[in-house]
Peer 1: 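Following this message is one structure expressed as structure tokens.
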Amino acid sequence: MISTEALNALQQQLPELDWITSKVHIKRLSRDFYWFSPMLVPQLADKLADLVVKPRNEAELATLVSRCVEFGIPMTVRGGGTGNYGQAVPLEGGVVIDMTACAELQWLGDGLVQVQAGMKIAELEQRVRERRWELRCMPSTYRAASIGGLFAGGFGGIGSINYGPISTPGTVQAIRILTIEATPRVLELRGDELLTYHHTYGTNGILLDLELALAPARDWDEYLFDFTSIEAAYGFCRTLLDAAGIEKRELSLYDSQAASYFRDIPFSQPAGHFLVMALVAPHSRQPLTQLLAEHGGAQLWTQTFADAQASGLTLMEHCWNHATLQALKHDKGFTNLQTNYAADRVLEQLAELKAVVGDEVLTHLEFIRLGNLQPLITGLPLVRYSSDARLDEVMALHESLGIKINNSHTFMLEDGKHGGSLSPAILASKAANDPHSLLNPGKIRSLQG
């Protein structure tokens, strides 16, 4: 337990920092989207920081870290708090460091940008679009999420159909990290070494800024298409995924039950059908229409980029994790899974799953190209939650069918995307950069006695 004396001394020595001491605000800033998981709610609901601080620059952050090390006070870093593994929840109290004031765009060149980790992704997208660039990978939570949070706790998103997940080599080209020591060091990392800090929840260093490669901006048209069968819908998606001449930014597939929760969009669809969501460049409209006809689909709804800008309604907030959020607005009985399918057996795997679970699991697929151009068919299927035991059974059933589960119902770093164990490089960076284990403690099982 952290002593009141240590916490008071920390504030007294650093009165110039922007401290947040209101209990209401501390509670809010000790949370992320872990409530997506009914398994995590009872484990994390009572975990609170003792203090929250909002450093305004790198110098303030380094001074804060130095004093926290001196007093032995744990630190947990957060951006927008949109992660849903409990990444930003302080398990052992201490100080939550809110990075959202460290949000400068440091420079923007020809297809490259350097930006501080705390900048909101929506602001970054807007800033680079002024120069006719856009982000290669953007989560559906872009309005609230920070760019550092995407790298430290995210995976794929809008744009991944072209450029792969955020970790694809060439997208993040450099990062700078602050170590957790009495005299903090700044490390600049490039190449494979920077991936040691990807999806590690801010446990092995504080991310200061990122150098990102960008994509040429397009004024994307948004579409919803209807198909009478999953075979037709999936066939259309796979053909569109492989159609190099049709520019697209997002492609996803839903069964009609999952799509029925998109209630702010004016469309209707017969029960038992399948919905495809796509963002496609205006100059690709003709070949897209032809492809739709070849696969027996029908257009349900469309809007231009200008329409979306004027109304604020966009399909970018109905795909990826926002598809789950749209459902939870109307039915709190859902959670989701994070899945990867065998690219050559997707329909077979879904049919086998459907035969066992019926409507307990609702289909949601996302289509990605990896850095080697291989397709990755991933998903965030909705699951009707009944008990922890049954959710474990459903995850085990997926695995038995060859559907990989990236467990989103655990806050342990090893047990999510890392597949049960951490690489030696991650553990070595943790030992070197945080020798007192003060950074986001409790999230690495390998360090627990």
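Count residues from 1 along the sequence.
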Peer 1: Looking at Phe236 versus Phe225, is the centre-to-centre ring distance below 6.0 Å?
Peer 2: yes
Peer 1: Show your reasoning for whether side-chain contact (heavy atoms from CB on, under 4.5 Å) applies to Thr239 and Leu291.
Peer 2: CA-CA 8 Å; Thr239 305; Leu291 185 64; 3.3 Å; yes
Peer 1: For side-chain hydrogen bond (donor to acceptor under 3.5 Å, both in side chains), just list the numbers for Ser252 and Glu250, CA-CA rounded to whole Å, side-chain angles, deciding distance to a tenth of an Å, and then say yes or no.
Peer 2: CA-CA 7 Å; Ser252 48; Glu250 164 62 16; 3.2 Å; yes
Peer 1: Strictly under 6.0 Å, is that where the ring centroids of Phe334 and Tyr261 end up?
Peer 2: yes
Peer 1: Can you check whether Ala144's main-chain N or O pairs, donor with acceptor, with Thr141's side chain at less than 3.5 Å?
Peer 2: no
Peer 1: Should Lys443 and Asp415 count as an ion pair when the cut-off is N to O under 4.0 Å?
Peer 2: no
Peer 1: For residues His199 and Tyr85, establish whether the separation of their ring centroids is below 6.0 Å.
Peer 2: yes
Peer 1: For residues Leu10 and Cys68, determine if any side-chain heavy atom of one lies less than 4.5 Å from a side-chain heavy atom of the other.
Peer 2: yes
Peer 1: Can you name the nearest heavy-atom pair linking Arg56 to Glu60, along with the distance?
Peer 2: N-OE1, 2.8 Å
Peer 1: Return the CE to CG distance between Met75 and Asp434, rounded to the nearest 0.5 Å.
Peer 2: 7.0 Å
Peer 1: Got a second to check how far Leu105's CG is from Leu108's CG, nearest 0.5 Å?
Peer 2: 6.0 Å
Peer 1: Can you tell me if CG on Asp192 sees more than 12 non-hydrogen neighbours from other groups inside 6.0 Å?
Peer 2: no
Peer 1: I'd like to know if the side chain of Glu317 reaches the main chain of Arg143, judged simply by a donor and an acceptor atom lying under 3.5 Å from each other, with no hydrogens or angles considered.
Peer 2: no
Peer 1: Do Leu208 and Cys102 come within less than 4.5 Å of each other through their side chains, counting heavy atoms only?
Peer 2: no
Peer 1: Considering only heavy atoms from C-beta outward, does the side chain of Ile426 approach that of His418 to under 4.5 Å?
Peer 2: yes
Peer 1: Is the Phe367 ring parallel, tilted or perpendicular to the Tyr234 ring (thresholds 30°, 60°)?
Peer 2: tilted
Peer 1: Starting from the C-alpha separation in whole Å, work towards a yes-or-no answer on side-chain hydrogen bond (donor to acceptor under 3.5 Å, both in side chains) for Ser446 and Glu414.
Peer 2: CA-CA 8 Å; Ser446 310; Glu414 290 93 334; 2.5 Å; yes
Peer 1: Please find the pair of heavy atoms, one from Ile368 and one from Pro165, that lie closest to each other, and give the distance.
Peer 2: CG2-CD, 4.2 Å
Peer 1: Test your reading of the model: is there a side-chain donor-acceptor pair from Thr335 to the backbone of Tyr385, 3.5 Å cut-off?
Peer 2: no
Peer 1: Near Glu16 CD, under 6.0 Å, is it more than 12 heavy atoms from other residues, nucleotides or ligands?
Peer 2: yes
Peer 1: Step by step, work out the side-chain contact (heavy atoms from CB on, under 4.5 Å) result for Leu288 and Arg285.
Peer 2: CA-CA 5 Å; Leu288 178 69; Arg285 191 171 299 142; 5.7 Å; no
Peer 1: May I ask you to check whether over 12 heavy atoms, not counting those of Lys27, lie within 6.0 Å of atom NZ?
Peer 2: no
Peer 1: Check the side chains of Ser429 and Asn433 for a donor-acceptor pair under 3.5 angstrom, ignoring hydrogens and angles.
Peer 2: no
Peer 1: Would you check if Met138 and Met316 make a side-chain contact, meaning some heavy-atom pair closer than 4.5 Å?
Peer 2: yes
Peer 1: Identify the two heavy atoms, one from Thr82 and one from Ala145, that lie closest to each other, and give their separation to 0.1 Å.
Peer 2: OG1-CB, 3.4 Å
Peer 1: For Glu70, I'd like to know if atom CD has over 12 heavy atoms of other residues, nucleotides or ligands within 6.0 Å.
Peer 2: yes
Peer 1: Determine, stepwise, if the pair Lys120 / Thr100 fulfils side-chain contact (heavy atoms from CB on, under 4.5 Å).
Peer 2: CA-CA 8 Å; Lys120 296 292 178 66; Thr100 55; 4.0 Å; yes
Peer 1: Apply side-chain contact (heavy atoms from CB on, under 4.5 Å) to residues Ser167 and Val172 and explain how you reach the verdict.
Peer 2: CA-CA 7 Å; Ser167 59; Val172 180; over 6 Å; no
Peer 1: Could you tell me if the side chain of Leu187 sits less than 4.5 Å from the side chain of Tyr197, heavy atoms only?
Peer 2: yes
Peer 1: Verify side-chain hydrogen bond (donor to acceptor under 3.5 Å, both in side chains) between Asn407 and Thr410, making sure each step is shown before the conclusion.
Peer 2: CA-CA 6 Å; Asn407 193 350; Thr410 175; 5.4 Å; no
Peer 1: Got a sec: does the NE2 of His25 have more than 12 other heavy atoms crowding it under 6.0 Å?
Peer 2: no
Peer 1: Can Thr179 and Glu181 be said to form a side-chain hydrogen bond (donor to acceptor under 3.5 Å, both in side chains), step by step?
Peer 2: CA-CA 6 Å; Thr179 65; Glu181 300 172 283; 2.6 Å; yes
Peer 1: If I compare all heavy atoms of Tyr341 with all of Pro381, which pair ends up nearest, and what's the gap?
Peer 2: OH-CG, 4.1 Å
Peer 1: State which residue, out of Arg176, Gln114, Gln106, Arg190, fulfils the side-chain hydrogen bond (donor to acceptor under 3.5 Å, both in side chains) condition with Glu211.
Peer 2: Arg190
Peer 1: Taking 4.0 angstrom as the limit, do Glu247 and Arg218 come out as a salt bridge?
Peer 2: yes
Peer 1: Should Arg238 and Asp344 be marked as a salt bridge (Lys or Arg N to Asp or Glu O under 4.0 Å) after you check the CA-CA gap, both sets of side-chain angles, and the distance that decides it?
Peer 2: CA-CA 11 Å; Arg238 280 306 304 262; Asp344 59 345; over 6 Å; no
Peer 1: Any side-chain heavy atom of Phe411 within less than 4.5 Å of one from Gln87?
Peer 2: no
Peer 1: Using side-chain contact (heavy atoms from CB on, under 4.5 Å) as the criterion, point out the one residue from Leu61, Leu51, Thr76, Leu29 that pairs with Ile97.
Peer 2: Leu61
Peer 1: Starting at CG of Leu328, measure out to CG of Asn336 and round the result to the nearest 0.5 Å.
Peer 2: 8.0 Å
Peer 1: Can you name the nearest heavy-atom pair linking Thr314 to Ala308, along with the distance?
Peer 2: CB-CB, 4.4 Å
Peer 1: Are side-chain heavy atoms of Leu313 and His318 found at a separation under 4.5 Å?
Peer 2: yes
Peer 1: Do you know the tightest heavy-atom contact between Pro90 and Ala49?
Peer 2: CG-N, 3.5 Å
Peer 1: Any ion pair linking Lys47 and Glu92 (charged N to carboxylate O, less than 4.0 Å)?
Peer 2: no
Peer 1: Rounded to the nearest 0.5 Å, what separation is found between the CZ atom of Arg136 and the OG atom of Ser160?
Peer 2: 11.5 Å
Peer 1: Counting neighbours of CG on Asp264 that are heavy atoms of other residues, nucleotides or ligands and sit closer than 6.0 Å, is the number greater than 12?
Peer 2: yes
Peer 1: Is the closest side-chain heavy-atom distance between Asp98 and Val53 below 4.5 Å?
Peer 2: no
Peer 1: Test salt bridge (Lys or Arg N to Asp or Glu O under 4.0 Å) on Arg249 and Glu125 and set out the steps.
Peer 2: CA-CA 14 Å; Arg249 197 183 192 193; Glu125 172 85 348; 3.2 Å; yes
Peer 1: For Thr378 and Asn340, which I'm curious about, is there any donor-acceptor pair between the side chains at under 3.5 Å?
Peer 2: yes
Peer 1: Let me confirm one number: the CD-OG distance from Gln303 to Ser311, rounded to the nearest 0.5 Å.
Peer 2: 5.0 Å
Peer 1: To the nearest 0.5 Å, how far apart are OH in Tyr223 and NZ in Lys248?
Peer 2: 13.5 Å
